[in-house]
Amino acid sequence: MNMIRDSLDEMLKADAQMHRDQYIDDAGFTLRTIDALPAPRAGRHVSRAVRIGMPFGLALLATLFVTFFAGGKNFFIDVTMDLATETVTRDVVALALIGAALFVVVLANMVNDK
Amino acid sequence: MTPISANTLSALTASNASATPVSKSVASEAIIDRALITRVKFNDDRNAFAELVRRHQSLLRASIRKMTNGQIELSDDVAQETFILAWKNIKQFRHEARFSTWLYRIAFNVWQSEVRKKHEVLLDSETMPEPEPVPPESAHTSTKHDLDRAMEVLNDAERSAILQCYYNDLSHDEAAYVLGIPLGTVKTNILKAKEKMRAKLGAYEEQKQ
């Protein structure tokens, strides 16, 4: 038992050394691995901070835009009234553009995440 | 960081390839790894990454084979997944550990998630397929067989600690990093594992006499 106590460490080290010295032939492993790597991303990578900041920035711009065009009127109530009466006004077009821009930004973010 | 030209790197790699494994110094290995990693990080250089895979595949696959109890196909799948994750996350590699140690860490995590996925219990001989037969080597075979059988009594944590510290030749600190556990736990697991193995080997000795 004492011999085992003393030699276990040596046995493990010797076995481990044999284990490390045993070379495993590549046999196409590297090629298969490289083939399995994901394709490089097209276009420039946009950092997460920028991607999160984009919708907020756009929302801020949209607010300024709306404030400028509304000229003191209540923009959203006016647009709702226009939509209810199926009247296409400058305000309706502005809201549609803002909505489309936000949609594109969100879609771009989703694609980038994938 | 000073860029390293492809020619310099090729020369380094070529001279290294001609050297015997014994003569390879750890420092030069680290320098070559660092140069290759830099090329991968900044240029998404697949050739450089292929070179990294070639350089590390043998040790990593051997280590994973030990981890999976000799299941060659499964261990190669785990090794491939490890390299794919390394490729995806290489920008996060800050050279705080050796590249091989970082790979061991990824491999251990991949293996753990594989075990969880299959609801297998590591080292449960009833659920694990028989290890592939190893051709007889020498007088060492008997000792190796005893060691392998003694290791079967270890639990997952103890076996992993022995694997990292002996078979992957890592320090206790590095093993703690790979296994994601505190240093003290690694030391405790090693001690417990050795006690169990000594008891088991003692029993074999008595049987032989």
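Protein chains get the first letters and strands the later ones, always in sequence-line order, with residue 1 at the start of each. Keep in mind it's a predicted model, so treat the numbers as computed, not measured.
In this structure the side chain of B:Val53 reaches within 4.5 angstrom of the side chain of A:Phe29, judged on heavy atoms. The closest side-chain heavy-atom distance from A:Ile34 to B:Trp87 is not below 4.5 Å.
A 6.0 Å sphere centred on NZ of B:Lys192 holds no more than 12 heavy atoms belonging to other residues, nucleotides or ligands. B:Lys200 NZ: 12 or fewer foreign heavy atoms inside a 6.0 Å radius.
Proximity to chain A involves both the backbone and the side chain of B:Ala79, based on heavy atoms less than 4.5 angstrom apart. Looking at B:Leu52, there are no atoms closer than 4.5 Å to chain A (heavy atoms on both sides), in backbone or side chain. When heavy atoms are compared at a cutoff of 4.5 Å, A:Asp21 does not approach chain B at all. Both the backbone and the side chain of B:Ile84 have a heavy atom closer than 4.5 Å to some heavy atom of chain A.
Put simply, OG1 on A:Thr33 and CZ on B:Phe49 are 8.0 Å apart, with the number rounded to the nearest 0.5 Å. The line from NE2 of A:His19 to OG of B:Ser63 is 5.5 Å long, rounded to the nearest 0.5 Å. Atom-to-atom distance recorded for B:Asp44:CG and A:Leu37:CG is 10.5 Å, nearest 0.5 angstrom. The CG atom of A:Asp15 lies 8.5 Å from the CE atom of B:Met151; values are rounded to the nearest 0.5 Å. Atom CE of A:Met11 and atom CG of B:Leu201 lie 5.0 Å apart (nearest 0.5 Å). Annotation: the span from B:Arg54 atom CZ to A:Leu31 atom CG amounts to 8.5 Å, rounded to 0.5 Å.
Heavy atoms only, all atoms of each residue included: B:Lys88 and A:Pro38 are closest at CE-CG, 3.7 Å. Between B:Arg61 and A:Asp26 the shortest heavy-atom distance is NH1-O, 3.5 Å. Closest approach of B:Ser58 to A:Gln22, counting heavy atoms only: OG-O, 4.0 Å. Residues B:Gln57 and A:Ile24 share a closest heavy-atom pair of NE2-O, 3.0 Å.
Chain A forms the most heavy-atom pairs under 4.5 Å with one residue out of B:Asp169, B:Leu59, B:Ile162, and that residue is B:Asp169.
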